[in-house]
There are 2 protein chains.
Amino acid sequence: MSPERYARIRTMLRMRQTDLTVCMEQVHKPHNLSAVIRSCDAVGIHRIHAVWEEQDRRVRAGTSGGSHHWVEVNSHDDIGQAIGHLKAQNMQVLVTNLSDSAVDFRDVDYTRPTAIILGQEKYGATDQAIALADQDIVIPMVGMVQSLNVSVAAALVLYEAQRQRQIAGLYDTQQLSEEECQRILFKGGHP
Amino acid sequence: MSPERYARIRTMLRMRQTDLTVCMEQVHKPHNLSAVIRSCDAVGIHRIHAVWEEQDRRVRAGTSGGSHHWVEVNSHDDIGQAIGHLKAQNMQVLVTNLSDSAVDFRDVDYTRPTAIILGQEKYGATDQAIALADQDIVIPMVGMVQSLNVSVAAALVLYEAQRQRQIAGLYDTQQLSEEECQRILFKGGHP
Ligand SMILES: C[S@@+](CC[C@H](N)C(=O)[O-])C[C@H]1O[C@@H](n2cnc3c(N)ncnc32)[C@H](O)[C@@H]1O
Ligand SMILES: C[S@@+](CC[C@H](N)C(=O)[O-])C[C@H]1O[C@@H](n2cnc3c(N)ncnc32)[C@H](O)[C@@H]1O
């Protein structure tokens, strides 16, 4: 590995946020999956979670801009198990949902350990996800459409989290263990 | 048209921002076009601009959530003509571009009349667009990927504009002329 590439990967690893994540609930269009993972990489997310609709659990490389090499994807059997896993890590679990009880996505404290649930393209998050989550959040809209594209919604919430975390200094101290960094450097050096 | 639908359309029209727009330069993937238009509708954009790569100028209905009925699309022959048109309306023309001279997208005043140029999926904005625009803007990224999906980038800039404009009260006074509203109400009532 060239010194430049080593330095680039080290810089990236230093900013990875281990206590910020998303959980995709049956998001299934490949271009949406890819766009979500790409945005996750861009705000420094290390690991994301997914519950798949079908058997095919592979994230296609297509339009992810290579980000699927750098963001770990944990698959779960069902949303109950996924949310249990996230809560066991003391994360607040937020579900993006177009409901009346939802709070504006900008009124949430994302400097806390946070997981954001994204719903399926057509049907949104399941009732189970909404019941198990701590809070519904919504991105305000003033037009005629009922919802945004799911990868767009994800990015808006993640960049609000990035903004708050940057101000709070959460990108200034390495969160990943040195062991984990070495593992990733090894993988990244031998693709 | 039902009274409810009439009221809904009137509310939407009252918030339309006539001095905020995007210009898509050869963005060509249908799902990206649709996602951009959907976000435009959601932040209250009335009319957008496009320079197309190919002959096919039709925005497909596919995944726009119906927003293509509510956001007007002006086609231009080339980017020079498009930017000339926008500047003639006293708009500041911002180009989203991953350059060293670009300013952080959050450091821009979007309460001014503003047009945001979005570049093609693979090659980004053309040199001509960059030369003609007033300012490059960039969305910061701390991961390994080089860029975000174009519809994601568009939404992030637009929602920053929406945030600033809401604080400034720009959604509180109707900007569209009554004549234009009547035209749209007529169309919307007879799809
Ligand atoms: C296309 S939407 C699903 C719409 C579905 N008909 C519903 O009512 O939930 C797909 C996903 O995008 C996200 N989303 C879209 N627009 C949103 C908004 N304005 N606020 C919060 N999340 C949104 C949510 O994760 C949602 O589950
Ligand atoms: C996939 S990118 C094009 C990447 C291209 N290789 C380049 O260097 O410009 C497509 C479009 O998305 C927008 N975009 C993507 N990431 C961006 C970012 N971080 N800041 C600003 N615009 C971005 C720009 O409009 C860009 O032209």
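These numbers come from the heavy atoms of this one structure, side chains and all, not from hydrogens, waters or symmetry mates. In the text below, chain A, chain B and the rest are named by the order of the sequence lines, each starting its count at 1.
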Subject >> Interface residues of residues 41-48 of chain B facing chain A - heavy atom cut-off under 4.5 Å >> reply: B:D41, B:A42, B:V43, B:G44
Subject >> A:Q162 versus chain B, the contacting section by heavy-atom distance below 4.5 Å >> reply: side chain
Subject >> Salt bridge B:R183-B:E72, side-chain N to carboxylate O under 4.0 Å >> reply: yes
**OP:** Establish, from distance only, whether the side-chain atoms of B:Q81 and B:H85 form a donor-acceptor pair under 3.5 Å.
**Re:** no
Original post:
When you check the gap from the basic side-chain N to the acidic O, do A:R10 and A:E178 get nearer than 4.0 Å?
Top reply: yes
Subject >> B:R16 and B:Q175: side chain donor to acceptor below 3.5 Å >> reply: no
**OP:** Tell me yes or no: between the side chains of B:T114 and B:Q92, is some donor less than 3.5 Å from an acceptor?
**Re:** yes
Original post:
For chain B, which residues of residues 122-140 of chain A have at least one non-hydrogen atom nearer than 4.5 Å to it?
Top reply: A:I139, A:P140
**OP:** Mind checking salt bridge (Lys or Arg N to Asp or Glu O under 4.0 Å) for A:R14 and listing every partner two or more places apart, or none if nothing turns up?
**Re:** none
Subject >> Sidechain N-carboxylate O distance under 4.0 Å for B:D19, B:R165 >> reply: yes
Original post:
For residues B:R38 and A:S147, is any side-chain donor paired with an opposing acceptor at under 3.5 Å?
Top reply: yes
Subject >> Distance, nearest 0.5 Å, that separates NE2 of A:H69 from CD1 of A:I37 >> reply: 11.0 Å
**OP:** Could I get the full list of salt bridge (Lys or Arg N to Asp or Glu O under 4.0 Å) partners for B:E179, not counting sequence neighbours?
**Re:** none
